[in-house]
Amino acid sequence: MTTSPQQVDYSKSLKLPRTGFPMRANLPSREPGWVQRWLTEQVYETLLAKRRAADAPTYIVHLGPPYANGNFHLGHTLAYGLKDTIVRHKFLSGFASPYVPGWDCHGLPIEWKIEQELIAAGKTKRDLSVTELRDRCRAYARQWMEVQQAEWQRMGVLADWARPYRTMDRANEAGIVHCLGQLVQRGMVYNKLRSTLWAPVEETALAEAEIEYQEDYKSTAVYVALELVDRPNEYLVIWTTTPWTLPANRAVAAKADEEYALITVKERKFYVANHLAEKFYSTCFVEEPLLRLDFPKFIGSQLVGLTYHHPLYADRTGTVYHGDHVTTDSGTGLVHIAPAHGAEDFALGQAHGLELACPVNGSGRYEAYVEEGLPAGLTLAGRSVLDKQVIRDICATLERNGSLLHSSSYTHKYPLSWRSKAPVIFRTTHQWFIDLDEATVPETGKSIRSSALDLIHARSGNRGVHWQPENGENRIGAMIAGRPDWCISRQRAWGVPITIMVDKATGEPLTDPAVWAHLEALVARKGIDAWDTRLSGKEAELFPQGWLQAHGKTPNDFTYVRDILDVWFDSGTTWHHVVKADSAAGQRFHRTDGKRVADVYEEGSDQHRGWFHSSLLTSVALTGDAPYESVVTHGFVVDGQGRKFSKSLGNGVTPGELLDKYGMDIIRLWVGSSDYAEEVRYSPAHMEAAADQYRAIRNALRWVLGNLPEGGGEITTVAESALPELERYILHRLGTVLAEARAHYDAFAFHQGVRTLQTFINTELSNLYFDVRKDTLYCDRADSPARMACVYALEQIFRGLATHLAPIIPFTTDEAWRSRYGEGACVHLEEYAKGPNVAEPSGFEDLLGLRNAANIKIEELRATGAVGANTEVSLTYPKELEGFFSTELIRLVCNVSAATAGTELKVTKHSGHKCPRCWRYYNTLEASGLCTRCEDVVNG
RNA sequence: GGGCUAAUAGCUCAGUUGGUUAGAGCACUGUGUUGAUAACGCAGGGGUCGUAAGUUCGAGUCUUACUUGGCCCA
């Protein structure tokens, strides 16, 4: 023998792991290919058809449509990743889970963008017809939907990409008209005055978001004395920075518990808040001697009920009321109330039945009737309220009749229109509302509000909505309980028109179902622009054929509402025309289990105010029931310190950057490891941690694949009775862990499920089972019973892990699945693999305890330099364990070369010889230098 | 200012109805291996549970206040 056994390379005789599943994932470059592949293979369609064919129960995750404007941000990635995980989980659980993407298209943000483009081109929206403006909005939305769809699909989202919904689709718009019509027919829609922020230049109401503030706006501030009725020479003093609203004065507000002083100046006496008396006096009577300092004091409630003469209209009086909003940090503590010109004024006016109608028209000019009763010399009709000369004229008149105590220029913050930069005014306008309290929902016999609250809180025998997290119940409950009626009208172009026709004779909206059905069909056919036939004198088209004649009416007998619907009405009714109508037609959402329209609505927690809220109200109003069984919410993405992302902090990151650097599966693993119920933290370190986790999972899968046949190769099933204890143990653990993970998934606690799987992979597979079984897998004969049992176990482990990780990391798991079962396979067409039901071998925990104790001893021995690998170790274990476990099992689990029973636990360096093939130590080797087992495999 | 909510090791999370020395994974440190190798094994060091009071024989776990965050309103 010239060659020593040690020099022979036996590695070629081993069955080392081999797989085409690479260690490095290259997710950023490879994931897009998977996206295309899934689309080409129609995985979604195939899966849904497969479940339907099996008569699977339906589970509907209904999507809150993203707004078709701008690129997706990390919040979208979180939201859509999460929803995709839910959908995949349900499919894997055996449900048919139709998931349809969609977009919210109408509304202000897009209309703004178009206006900005017009302004940039030196035009305004008046240069376009409503139809042309809408066409531009439509094109703009379409363009962003394409961008977002690509970003969305890149996430690997399993959905009906062939047929998304868009709120601007005609069928959808017709559905919206239908819902509006139902509300009108149910008597739930009414019209009333409301205080609005109004832009005189654009002649439109503005949303709060359309306002910007000028810090140093200059107004004329005036102190005005209002003489009390029946108390000559006693005056209330008001202070205002908008003298143009004085003609609309109807009342004065005082604070009931505030102290007021009565100041005497010459023969006149003035009521002002005690706090502000000195300031008032020094401002208005610079040259007058102060006659007395010990002013009589009154509390506000003593002033309430007094009446005073209007400073401009001789024949008009006003009354003092208590006002909560009255403050004494400026002015006089007595507040001029013009209900037409301010939110608080309006509320006070409404509470006390004051005149609410606005004496200022849409272009900010006084109505003609304002002039009646004014003192001679003051003309206001047709003049702009923001005209400085108008202010001067009013002041001059007040001066003449002695009401004006003081006027001066006053610099303060004032709202301007976002577009024109011109000042805005408060104005009451007619708006449409959904009545939450007065109208009755036929199905419940209660108001919309109380019906909704019953559902939110599971009261009155209702099957309540399941809120997750639970506090969603409190949150939306408080909102629904406290909100005012829903104002659904907007003075805009880009939206679904409020197709209400008001009968001029009665002032009531037309409720004839035939008319509404006609309108719905009209919009379905021609889109929302059909309503604009009113602009071209074709109003007759809005009525069914012959309807006008049959009712003895002409188009002129009606007024046609020009407003559009609040965009929240669009998304708030998708349950109806996207899901319910489709289900009723036996289409993709089809369900027959009697459950609500959708199983779950999942969105950010801000949607308690938004989509959950609007959807609940419309659904309750129209059906008496909620549109969803469960509402699940996630928190917002915040930075590593828990602070929100903002441009000023510069802590933002785009999904694109993360996709390019890490890939979607790692992003999804980051989300999948976070408790999304509260804020989800993001920082580069978080992504690195996710990448580390990912590598561990991937390597475990890779090692398993390396020990299994590739491309669909069969493995032999091993009966439980034939399984070694170690396999029985690990398969029992597999079954337990998979069930546990799935229970977490069912509760939408994905991060707990992921953690369960991860811990199993790290602590029980990598650390224990894989490590222990390497010897068997690598060195045994291919057909040794131990090896076959191990391969069988690995197959079960693989199937279980791959399917249970599939909702979290769909790219990686499908890649692994196809590596194992061939390119024709797809993990996403599978159901969860539960693993065989194997009973736990008894006492295994003691064995693992022994292993831990042994490891500590071995580590001590290793520290002395006596041994390196565990295979160099010989173990003595306490006799007491004999009979419970075989010596071989103990040797195996402790991963040492030899084990013998002795008095106590002891580890020593093995004194025998190392087999050059399996590296285990034996007391004696065969003539070839190999151990008996290896000799048999190599030469036998 | 109001509603809802959170705060446990460097990170992500567990901690049942209050009950012995607060757990896990990752990260970190040391070390072994080099037949999962841009991998894997073994061991170890890190929290007194945001702060302060209170209830209780006993509190991370109940109460109150405060601090610092988040979402939604005003």
Side-chain angles (χ1 to χ4, degrees), chain A residues 9-19 21-24 208 325 343-344 467 469-479 481-483 604-610 613 633-645 669-675 677-681 683 685-696 698-707 744 749 751-752 754-763 766-768 770-772 774-775 777-779 851-852 854-863 865 867-873 894-895 917-919:
Chain A
D9 178 11
Y10 283 103
S11 64
K12 290 195 175 59
S13 75
L14 301 171
K15 291 185 175 49
L16 297 178
R18 264 186 38 206
T19 173
F21 183 79
M23 176 179 284
R24 303 206 59 185
E208 188 59 44
H325 67 288
E344 285 146 342
W467 304 97
E470 288 176 10
N471 60 51
E473 176 182 338
N474 292 336
R475 189 163 177 178
I476 196 170
M479 285 177 191
R483 65 158 298 155
S605 61
D606 56 332
Q607 298 302 326
H608 286 108
R609 186 71 191 182
H613 190 115
T633 59
H634 60 264
F636 279 59
V637 180
V638 295
D639 73 10
Q641 279 74 51
R643 280 159 219 279
K644 66 176 165 188
F645 283 104
L669 199 55
W670 158 61
V671 173
S673 307
S674 304
D675 180 1
E678 292 301 322
E679 298 83 56
V680 176
R681 291 190 180 202
S683 73
H686 285 82
M687 213 48 64
E688 290 296 336
D692 284 342
Q693 284 185 63
Y694 174 83
R695 274 192 287 274
R698 186 175 180 93
N699 270 311
L701 288 173
R702 179 166 184 265
W703 186 82
V704 175
L705 285 170
N707 290 293
H744 285 311
H751 69 293
Q752 303 221 49
V754 170
R755 205 163 53 98
T756 301
L757 294 171
Q758 190 120 33
T759 302
F760 178 66
I761 290 171
N762 291 330
T763 62
S766 278
N767 297 6
L768 176 69
F770 292 173
D771 213 41
V772 164
K774 279 176 191 170
D775 177 74
L777 285 165
Y778 299 173
C779 304
R851 173 184 149 92
N852 284 338
N855 272 334
I856 291 169
K857 294 241 183 240
I858 292 169
E859 193 60 26
E860 287 166 5
L861 189 61
R862 185 176 289 132
V867 299
N870 275 30
T871 46
E872 295 176 41
V873 173
C894 294
N895 219 14
R917 182 168 175 274
C918 68
W919 297 342

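Below, read A as the first sequence line, B as the second, and so on, with proteins coming before strands; counting in each chain starts at 1.
Among the duplex regions that RNA chain B forms, those built from at least three successive Watson-Crick or G-U pairs under 3.5 Å are B:1-7 with B:67-73, B:10-13 with B:23-26, B:28-32 with B:40-44, B:50-54 with B:62-66, ordered by first number.
For A:Arg755, the side-chain atoms get nearest to B:rA24 when compared with the rest of B:rC73, B:rG25, B:rA24. Looking at the side chain of A:His686, the nearest of the listed nucleotides B:rC11, B:rC73, B:rC71 is B:rC11.
Between A:Arg917 and A:Tyr778 the shortest heavy-atom distance is NH2-O, 4.1 Å.
None of A:Lys857, A:Glu859, A:Arg851 except one satisfies the side-chain contact (heavy atoms from CB on, under 4.5 Å) rule with A:Asn855; the exception is A:Arg851. Across A:Thr871, A:Asp771, A:Asp775, a single residue satisfies side chain to side chain donor-acceptor pair (under 3.5 Å) together with A:Asn895, and that is A:Asp771.
B:rG10 and B:rC57: their P atoms are spaced 35 Å apart (whole Å). The same atom, C1', is picked in B:rU68 and in B:rG50; the two are 8 Å apart, to the nearest Å. Straight-line distance between the P atoms of B:rC49 and B:rG23: roughly 15 Å, to the nearest whole Å.
When the C1' atom of B:rU16 is taken as reference, atom NE2 of A:His744 falls 13 Å away, rounded to whole Å.
A:His744 and A:Arg755 share no donor-acceptor pair across their side chains, judged by distance under 3.5 Å alone.
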Could you go over nucleotides 66-70 of chain B and give all protein N or O partners under 3.5 Å, atom names and distances?
unit_1: B:rG69; atom_1: OP1; unit_2: A:Arg643; atom_2: NH1; d: 2.4
unit_1: B:rG69; atom_1: OP1; unit_2: A:Arg643; atom_2: NH2; d: 3.4
unit_1: B:rG69; atom_1: O5'; unit_2: A:Arg643; atom_2: NH1; d: 3.3
unit_1: B:rG69; atom_1: O2'; unit_2: A:Gly642; atom_2: O; d: 2.4
unit_1: B:rG70; atom_1: OP1; unit_2: A:Lys644; atom_2: N; d: 3.2
unit_1: B:rG70; atom_1: O2'; unit_2: A:Glu679; atom_2: OE2; d: 3.4

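A:His608 comes within 4.0 angstrom of nothing in the nucleic acid, heavy atoms only. Note on A:Thr763: only backbone sugar-phosphate atoms sit closer than 4.0 angstrom, heavy atoms only; bases stay farther off. Using a 4.0 Å heavy-atom cutoff across all strands shown, A:Ala689 reaches no nucleic acid atom at all.
The backbone N or O of A:Val638 sits nowhere less than 3.5 Å from a side-chain atom of A:Arg681 that would complete a donor-acceptor pair.
Using a 4.5 Å heavy-atom cutoff, the side chains of A:Pro17 and A:Lys774 are not in contact.
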I'd like to compare against my own output: the B/S/- annotation of nucleotides 27-38 of chain B with a strict under-4.0 Å heavy-atom distance to protein. S--BSSS-BBSB
